[in-house]
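I have placed the structure first, in the form of structure tokens, so that the comments after it can refer back to it.
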Amino acid sequence: MKKVGVLFSLTGTTSVTEIGQYRAALFALQEHNRNVKDNKKLVEFLVRDIQSDPDKTIKEAKCLIEQGVKVFIGTYTSACRKALLQLFEEHDCLLIYPALYEGHEVHPNVFYTGEVPNQQVLPLLKYIKNNFGLNLYLIGNDYIYPEATNREVKKYWDLLGGRIVGEKYVPFGHSHYRDIYDEIQKSGANAIFSTLIGSSVVPFYRTFKGMGFDSKLTPIFSPITKETEIKAIGPQYTEGHYSGGSYFQSLDLQENKLFTERFKKEFEDEQVISSVMFNTYLGTKMVLEKLVLCEDFESKSFLDSLCNREFLSPAGMIRVEKENHHISRPIRIGQINSQGQFTIVWDSKKLISAKPYDTTNENPSTMLETIDWGSLFDEFAIQNDDALVLLNEHDEVLYANVLANDLFKIYEGQITPVSVIKSRNKDYDVIVKTPANNKFFKIILIKTEMTREHNQNLVKFDIIKTLNDHYQQQLKVAETASNSDANILILGETGVGKEVLAQAIHKNSKRNKGPFIAINAGAIPRDLVASELFGFVEGAFTGAIKGGKKGKFELADGGTLFLDEIGEMPLDLQISLLRVLETRTVTRLGEHKERKIDVRFIAATNRNLKEEIAYQGAFRADLYYRLNVMSVTIPPLRERNEDIKLLAQDLLNSFREYYKEGPSTITTEAQQLLRSFSWPGNVRELRNVIERSFLLAKSKNDHVINAEHLPSELKTKQIIPKNSGTLLLEEVEKQTIQKALVTTNNISKAAQLLGISRSTLYRKMKIHSLTY
């Protein structure tokens, strides 16, 4: 018997939607098993509750893979889907993903049966413009799908000539919307575009009704809120609002009538059918038909067998596209009626192709063919050390040559406006051209010759220096925070220098005469964390030293306590820490006496605490908001390329001071190599490289650090010859991809080395006819 893994949230914040998806998958299975005559073609579901949690999703998928499962159906949130991609790539598994999502992904191990923004969001926005007005208010959860989708909304809305009059993101499960509705009313919005999901939607619609808003004047449009959500909210609260998609239960189609009759007969209850349920049923049915015929499973060939098909479905005629594993389908807009169903107010009456990358469909990429590339390259007079970038009208990078990748970290598929490119590269001459006969594209040439001195725009805070605009703004926040007693949360990747910044804040504060106590919450054994932080009295536990001991909280009295890796702190101790923050008292282990403390708290983490809060409460929301009075984000070194020369020289000076002799400068060639590297270990890794290079140069009595002293991985960049042209640029890209594949012998690592996603790498391999 064939086995299929089923991964849905039967509990958790999005279970209101995913339980319906699970039932749709189960319905497809029951239909399949009833109709097969050969018991060998029966299929068994192995169902796991993933609880709206990406970590739980990975854990359950791994267990099923160990049981031999190769095909999976499920996940609703983008975070849970993305969590599985590398795992499924490594084990050659296939995911049937049945939800609408934000696009910008075509993964070789995923079959997408839901809609993407050009199919769903754009028709909704056109309807809003034509029927309600140009003022739009955006609201969503603070999470991947809403934020990514609203980036598309803003690009579409700008093309349509509209205005975004407000934008708000709230945590999962948020229930207090009165202040937001007051803001919406003041904004003059003609419509509300909601990307709220899960349990957040219920109070949102009910508050709309409770505050006396009129759906005829300021309706809510949501690509997400469908029949299952309406049932949870209550039709009386949702009547008059709108949604869009391929399927509605109320579609007046013969195939749909038969489908809904069978479904209701199966479950014999009041279960309504939504578009994500239809997408789940559709994907499950297609997979089961093919899986029972499959002898030896191989994800690529199995996925190919699902594609290039056109057939009649309960949503009408649909077509499965081979090139992107998505579905072309008719699209409708529905208005919610008093029965909790949809009255169709607009119908495309034709298939709308899924464009997960080219999501605007206003100006197709075929317009590239109208550009006179030869004249353009001649006009630019491209040299072998120039970076070349091509943007479309939505600032999406369509092409970036090797030097643009290496020096400026600009890659195909990024959204990178010209203004951002200029602001990040003030040391370089950035030239922008628009092809004479095609206004939809911008060609950007970055001349690598320096145009200004490095120290011209230098900003300092204690020992920290930067030329980077974004980091300069963050340092201003840190300087402001240092003059207060407010708690501070420092965010950033491992190795960016979070403790250095915390020390700088302490030294520039009125507490600089007091102690600076640092503790790594993730490095202390769990059974010792409480005693380390709170201290203990004599006899508190076996082995407690005579006389007891002060904890870190007390030791930091009058100064600053730096809690590094706060995201690693166990939940039970998070509760205790919250009490300390609220009462400014501590109680040692083994006693009941509360001791007053006067401490400034600075916390730091490399985790996304908002997502930790969202998924099963891995981090307490109340503690997060207590710590996050002032927030400072340190950008990774790859995003502040202009600081590398400065940092490298400062590090070199510190080593020379420590060793009393050695090289004092870094050659231009070596500096170029340093700036070309991606620095996954950030400043910590740069420090190690400079120390290594310093010692090698010193051992040879060299007075400068040059390229030969640097590690080999910094010397792999390619230079474009002077006779650059269109074909040569393509060839350089092909060679670069080949080299990455040979070097890593792994798709994921090759994509990471190239600085692009796995799906982008697969597309490029297909373009260049490369195999792996």
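Here the side chains of Ile634 and Lys498 are in contact, with some heavy-atom distance below 4.5 Å. Ile50 has its side chain within reach of Thr75: a pair of non-hydrogen atoms, C-beta onward, lies under 4.5 Å apart. The side-chain heavy atoms of Ile566 and Met569, taken from C-beta on, include a pair separated by under 4.5 Å. Taking the side chain as every heavy atom from C-beta outward, Thr466 and Leu475 approach each other to under 4.5 Å. Between Tyr237 and Val202, the closest side-chain pair of non-hydrogen atoms is not below 4.5 Å. Annotation: side chain of Phe204 is in contact with side chain of Ile192 (closest heavy-atom distance under 4.5 Å). Taking the side chain as every heavy atom from C-beta outward, Leu623 and Leu581 approach each other to under 4.5 Å. Looking only at side-chain heavy atoms (C-beta outward), His104 and Glu152 come within less than 4.5 Å of each other.
Taking all atoms of both residues into account, the shortest heavy-atom contact from Pro711 to Ser693 is CD-OG, 4.4 Å.
A donor-acceptor contact closer than 3.5 angstrom is absent between the side chains of Ser509 and Ser482. Thr225 and Glu229 share no side-chain donor-acceptor pair at under 3.5 Å. Side-chain contact annotation: Asn653 with Gln649, donor-acceptor N/O pair under 3.5 Å present. In the model, Ser78 has a side-chain atom that pairs as donor or acceptor with a side-chain atom of Glu102 under 3.5 Å. Glu183 and Tyr137 share a donor-acceptor pair across their side chains, judged by distance under 3.5 Å alone. Counting only N and O atoms by type, the side chains of Glu167 and Tyr169 include a donor and acceptor under 3.5 Å apart. Between the side chains of Asn682 and Glu493, at least one donor N or O sits under 3.5 Å from an acceptor N or O.
Within a 6.0 Å radius of CZ in Arg579, other residues, nucleotides and ligands contribute 12 heavy atoms or fewer. No more than 12 heavy atoms of other residues, nucleotides or ligands shown are found within 6.0 angstrom of NZ on Lys550. Within a 6.0 Å sphere centred on CZ of Phe516, heavy atoms belonging to other residues, nucleotides or ligands number more than 12. Under a cut-off of 6.0 angstrom, the local environment of CZ in Arg584 is crowded, with over 12 non-hydrogen atoms contributed by other residues, nucleotides or ligands. Within 6.0 Å of NZ on Lys231 lie more than 12 heavy atoms contributed by other residues, nucleotides or ligands.
Across Leu563, Asn628, Ile602, a single residue satisfies side-chain contact (heavy atoms from CB on, under 4.5 Å) together with Leu489, and that is Asn628.
Panel note: side chain Asn135, backbone Gly188; a donor-acceptor pair is recorded below 3.5 Å.
The aromatic rings of Tyr181 and Phe213 are tilted relative to each other, their planes meeting at an angle between 30° and 60°.
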* Apply side-chain contact (heavy atoms from CB on, under 4.5 Å) to Leu578 and Arg620, showing your working. => CA-CA 9 Å; Leu578 180 63; Arg620 291 184 60 92; 4.2 Å; yes

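Salt-bridge check for Lys62 with Glu66: failed, with every basic side-chain N at 4.0 Å or more from each acidic carboxylate O. With respect to the salt-bridge test (charged N to carboxylate O, under 4.0 angstrom), the residues Lys465 and Asp643 do not qualify. In summary, Arg151 and Glu147 do not engage in a salt bridge, as defined by a charged side-chain N under 4.0 Å from a carboxylate O. A salt bridge links Asp598 with Arg511: the closest approach of a Lys/Arg side-chain nitrogen to an acidic carboxylate oxygen falls below 4.0 angstrom. Look at Glu568 and Arg607 and you find a salt bridge, because one of the NZ, NE, NH1 or NH2 atoms lies within 4.0 Å of a carboxylate O, short of that distance.
Between atom CD of residue Glu642 and atom CZ of residue Arg640 there is a gap of 8.5 Å, rounded to the nearest 0.5 Å. Atom OG1 of Thr77 is separated from atom OH of Tyr101 by 14.0 Å, given to the nearest 0.5 angstrom.
Ring centroid separation for the pair Phe619 and Tyr624 does not come in under the 6.0 Å cut-off.
Each ring-ring contact (aromatic ring centres under 6.0 Å, His included) pair with one or both residues in residues 576-602, not counting sequence neighbours, appears once here: Phe553-Phe601.
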